[in-house]
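Reviewing the structure listed below.
Whatever order the structure lists ligands and atoms in, that order sets their numbers, starting from 1. Computed from heavy atoms alone, side chains included, the values below leave out hydrogens, waters and symmetry copies.
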Amino acid sequence: MALIVQKYGGTSMGSVERIEHVANKVASWRARGHQIVVVVSAMSGETDRLLKLAKSIDPRGSEREFDQIAATGEQVTIGLLALALIKAGVPAKSYTGWQVALRTDSAHMKARIASIDSERLLADLAAGIVPVVAGFQGIDETGAVTTLGRGGSDTTGVALAAALKADECQIYTDVDGVYTTDPRVEPKARRLDKITFEEMLEMASLGSKVLQIRSVEFAGKYKVPLRVVSTFVDGPGTLITLEEDSPGGNVEDALISGIAFNRDEAQLTIAGVPDRPGIAAAILGPVGDANIEVDMIVQNVGADGSTDFTFTVHKNDYERASDVVKALAVELGAKGVRTATDIVKVSLVGVGMRSHAGIASKMFKALAVEGINIKMISTSEIKISVVIEDKYLELAVRTLHRAFELDQAKS
Ligand code: ADP
Ligand code: ASP
Ligand code: MG
C-alpha cells in the first residue's frame, strides 16, 4: 500500500464527463489498496476567464483582489470531483487551500508556500476518506487568499506530497509524459522515460509549461518522487530523477535532453549610452526598482565609446519596462530605444553538455542553414538559449530537434 498524491490539471477537469473519468481513476487506485490525496486545477480556460474578467475592471488593479477572484476556479472543481467520487462509492471531502491551512507569503499572484497542516488530511486518510484539495491557492498571515502563479497546482501537489511524506506525486495531464520538446510544436518529439531534476528545472524555467518550475524545485529539495502521466491513456509516463540515481550522469546518456521555448518575453534596447563603469547598474537599477524581473542581458561595446544595452523581460512587464527605459534614455543621453515583442527564446537543455564542446556551434549552424537570425545568446553549464523572431519558432524547434537527433532513442 502506498500513499500517493495525484494532481489533475485543467484539461483533465475540463467537463463533467472528464471529472467523472478522474473519479473512476481515483476509485481504481484506491481499490488497489492505495491511500490517495487528490489536488485539482480549475476547469481548462477558467483561470484565464476569471483573470480577464478582473482585468476588465482595472488591468493594473489590486493583486489581492485578482487572487480572490482567480482562486474561485479551483473551489468549483474540488466540489465537483468530491461529488463524483461519492457517487462512485468513494468517501471524499473537498478542501480549499485555507481549509488545510496552506500558508504562503503575501506575494500575490506568485506566492510561495510556507507550511501546510497535514493533520486533517492524515485523519481523513486513516478514516478511508479521499481528500480533494484545491491547487494553486493558499492564505497569507493576514488571512488574504493568495495564488501560487500560473500552473501553481503542480506545486500544491508536490508540497502536499512532501508534507505527507507520500511515496509518489503523480501529475496527471493531457500528455503522457515529458517529451524532448512540446509535442504540439514538434510532432516527432519523443517521450522521455526519465529526466533529471536539474534538466527538468531548466526546461521548466526556460518555458516548458508541463510542470511549474517551483514544483520541480520543491520535489528536488524534499526528494519527492515525481511522475508526469496522462489522464487519458495508460502508460509509465516520465519519472523525474536525481542525477546520482542514474549511472553515467544523464539518464539517457544523451548530450541534449530537450528543447524548451518561451513566447512570453519582450526585448528592450537602449542604444548608444556612454560606455562607462556603472552603466549596467544605472539601467538595471531602475528596472529592478519598478519590480520588473530581467531575464537575458547583452551589452555590445561600440568603437566610439558608446554601448548598446539589450535585455528581455516578461511580456506582462513590457509596457512598464518600456516607460522606464524611455525615461532612462533621456537621462543617460542615449541615442535611442528599440523594443520588440515579436521574439521567442529557444533553448537546448542537457546535462551531457557539460562534458562536450561544439554543441553551441552545431546549434548556430543548424539555425543559419535555415536562414534564422539569432538576436541574443545566453549559455549556462547545461543550456544554450537564443532569441529569434517569433515567426521562426516552429522551424527552429524542428530544425534543432532533427540536428540533435532527439527523435531517436539513445541505447
Ligand atoms: P495541465 O492543465 O494538466 O496542468 P499544462 O497545459 O499546464 O497541463 O501542461 C501540459 C502541456 O505542456 C502539454 O499539453 C504540452 O503542450 C506542454 N508542453 C510543453 N513542453 C512540453 C514537454 N517538453 N513535454 C510535454 N509537454 C510539454
Ligand atoms: N488554474 C491555475 C492556472 O490555470 C493553476 C493550474 O492550473 O495549475 O494557472
Ligand atoms: Mg499545468
Side-chain angles (χ1 to χ4, degrees), residues 6-14 18 22 39-52 66-67 69-78 97 109-111 133-138 146-160 169-195 199-216 227-233 235 237-238 240 256-264 344 346-350 393-394 397 400-401 406-407:
Q6 299 186 332
K7 176 262 171 176
Y8 290 90
T11 315
S12 313
M13 302 303 289
R18 287 184 176 176
V22 167
V39 172
V40 297
S41 291
M43 293 171 110
S44 57
E46 181 63 4
T47 310
D48 286 342
R49 188 187 74 84
L50 291 166
L51 285 171
K52 201 168 148 209
F66 287 172
D67 274 353
I69 295 160
T72 61
E74 275 74 7
Q75 191 161 345
V76 172
T77 46
I78 49 170
M109 304 184 84
K110 48 173 183 261
V133 181
F136 181 53
Q137 54 177 251
T146 53
T147 67
L148 309 178
R150 300 308 304 270
S153 299
D154 297 334
T155 305
T156 308
V158 174
L160 273 178
C169 179
Q170 301 172 340
I171 305 287
Y172 283 88
T173 183
D174 55 5
V175 276
D176 63 346
V178 178
Y179 276 66
T180 46
T181 192
D182 189 339
R184 287 178 214 284
V185 168
E186 169 54 292
K188 290 195 190 121
R190 190 170 51 84
R191 185 182 59 79
L192 300 165
D193 287 328
K194 291 178 177 182
I195 184 169
E199 288 168 315
M200 195 61 237
L201 212 52
E202 284 284 2
M203 292 281 280
S205 75
L206 295 167
S208 294
K209 289 183 178 146
V210 60
L211 285 174
Q212 198 200 31
I213 178 165
R214 283 192 189 155
S215 71
V216 187
R227 193 183 288 276
V228 176
V229 268
S230 164
T231 305
F232 307 105
V233 290
T238 300
I240 325 295
I256 306 298
S257 333
I259 303 171
F261 53 85
N262 186 343
R263 295 183 173 104
D264 295 333
V344 288
V346 178
S347 310
L348 283 182
V349 176
L393 169 67
E394 269 146 30
V397 168
L400 296 174
H401 204 267
L406 291 179
D407 50 345

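With contacts defined as side-chain heavy-atom distances shorter than 4.5 Å, the pair L192/K194 does not qualify. Contact check for T47 versus R150: side-chain heavy atoms found under the 4.5 Å cut-off.
Every N/O-N/O distance between T180 and ligand 1 stays at or above 3.5 Å. In terms of polar-atom proximity, D182 is counted as a contact of ligand 1, with an N or O under 3.5 Å from an N or O of the ligand. Geometrically, ligand 2 and K7 share no nitrogen or oxygen pair separated by less than 3.5 Å. For a threshold of 3.5 Å applied to N or O pairs, the pair formed by G10 and ligand 1 contains at least one separation below that value.
Protein heavy atoms come within 4.0 Å of atom 8 (O) of ligand 1.
When each atom of ligand 2 is checked for a heavy atom of E74 under 4.0 Å away, the hits are 1 (N), 2 (C), 5 (C). Ligand-side atoms of ligand 1 in range of R184: 13 (C), 14 (O), 15 (C), 16 (O), range being under 4.0 angstrom from any heavy atom. Atoms of ligand 1 lying under 4.0 Å from any heavy atom of V178, numbered from 1 in the order shown and given with element: 24 (N). Taking every non-hydrogen atom of Y179 and a distance limit under 4.0 Å, the qualifying atoms of ligand 1 come out as 22 (C), 23 (N), 24 (N), 25 (C). Atoms of ligand 2 lying under 4.0 Å from any heavy atom of S41, numbered from 1 in the order shown and given with element: 6 (C), 7 (O), 8 (O). Ligand 1 places these atoms under 4.0 Å from at least one heavy atom of K7: 4 (O). Short contacts between ligand 1 and D174, defined as distances under 4.0 Å to a heavy atom of the residue, involve ligand atoms 10 (C), 11 (C), 13 (C), 14 (O).
Using modelled atom types, no side-chain atom of E74 and backbone atom of S41 make a donor-acceptor pair closer than 3.5 Å. For the pair T238 (side chain) and V228 (backbone), a donor-acceptor distance under 3.5 Å is absent. In this structure, the side chain of Q137 engages the main chain of A71 through a donor-acceptor pair within 3.5 Å. Not one N or O on the side chain of R214 forms a donor-acceptor pair closer than 3.5 Å with the backbone of G152.
Heavy atoms of G135 come nearer than 4.0 angstrom to ligand 2 in no pair at all. Ligand 1 lies out of reach of G207, whose nearest heavy atom is not under 4.0 Å from it. Under a 4.0 Å heavy-atom criterion, G151 is in contact with ligand 2.
When non-hydrogen atoms are compared, ligand 1 lies under 4.0 Å from the side chain of V175 (C-beta onward) but not from its backbone. Under 4.0 angstrom from ligand 1, there are no non-hydrogen atoms of R191. Residue-level proximity to ligand 1 for K209 is carried by the backbone, the only part with a heavy atom below 4.0 angstrom.
For atom 1 (P) of ligand 1, the candidate residues are L192, I259, D176, T173; the nearest heavy-atom contact is made by T173.
Between the CD1 atom of I78 and the CE atom of M13 there is a distance of 9.5 Å, given to the nearest 0.5 Å. Atom CZ of F136 is separated from atom CD of Q75 by 13.5 Å, given to the nearest 0.5 angstrom. A distance of 6.0 Å separates CE in M200 from CE in M203, rounded to the nearest 0.5 Å.
Side-chain contact of S215 with D154: a donor-acceptor pair under 3.5 Å is absent, judged by distance alone. Side-chain N/O atoms of T147 and D67 include a donor and acceptor closer than 3.5 Å. Residues E199 and S257 have side chains that bring a donor and an acceptor to within less than 3.5 angstrom of each other.
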(request) Would you sort out whether D174 and R18 count as a salt bridge (charged side-chain N to carboxylate O under 4.0 Å, His left out), showing the intermediate values? (result) CA-CA 12 Å; D174 55 5; R18 287 184 176 176; over 6 Å; no

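For atom 27 (C) of ligand 1, the nearest non-hydrogen atom of the protein is V210 CB, 3.7 Å. Protein heavy atom at the shortest distance from atom 4 (O) of ligand 2 is R150 NH2, 2.9 Å. Taking atom 25 (C) of ligand 1 as the reference point, the nearest protein heavy-atom neighbour is G177 O, 3.4 Å.
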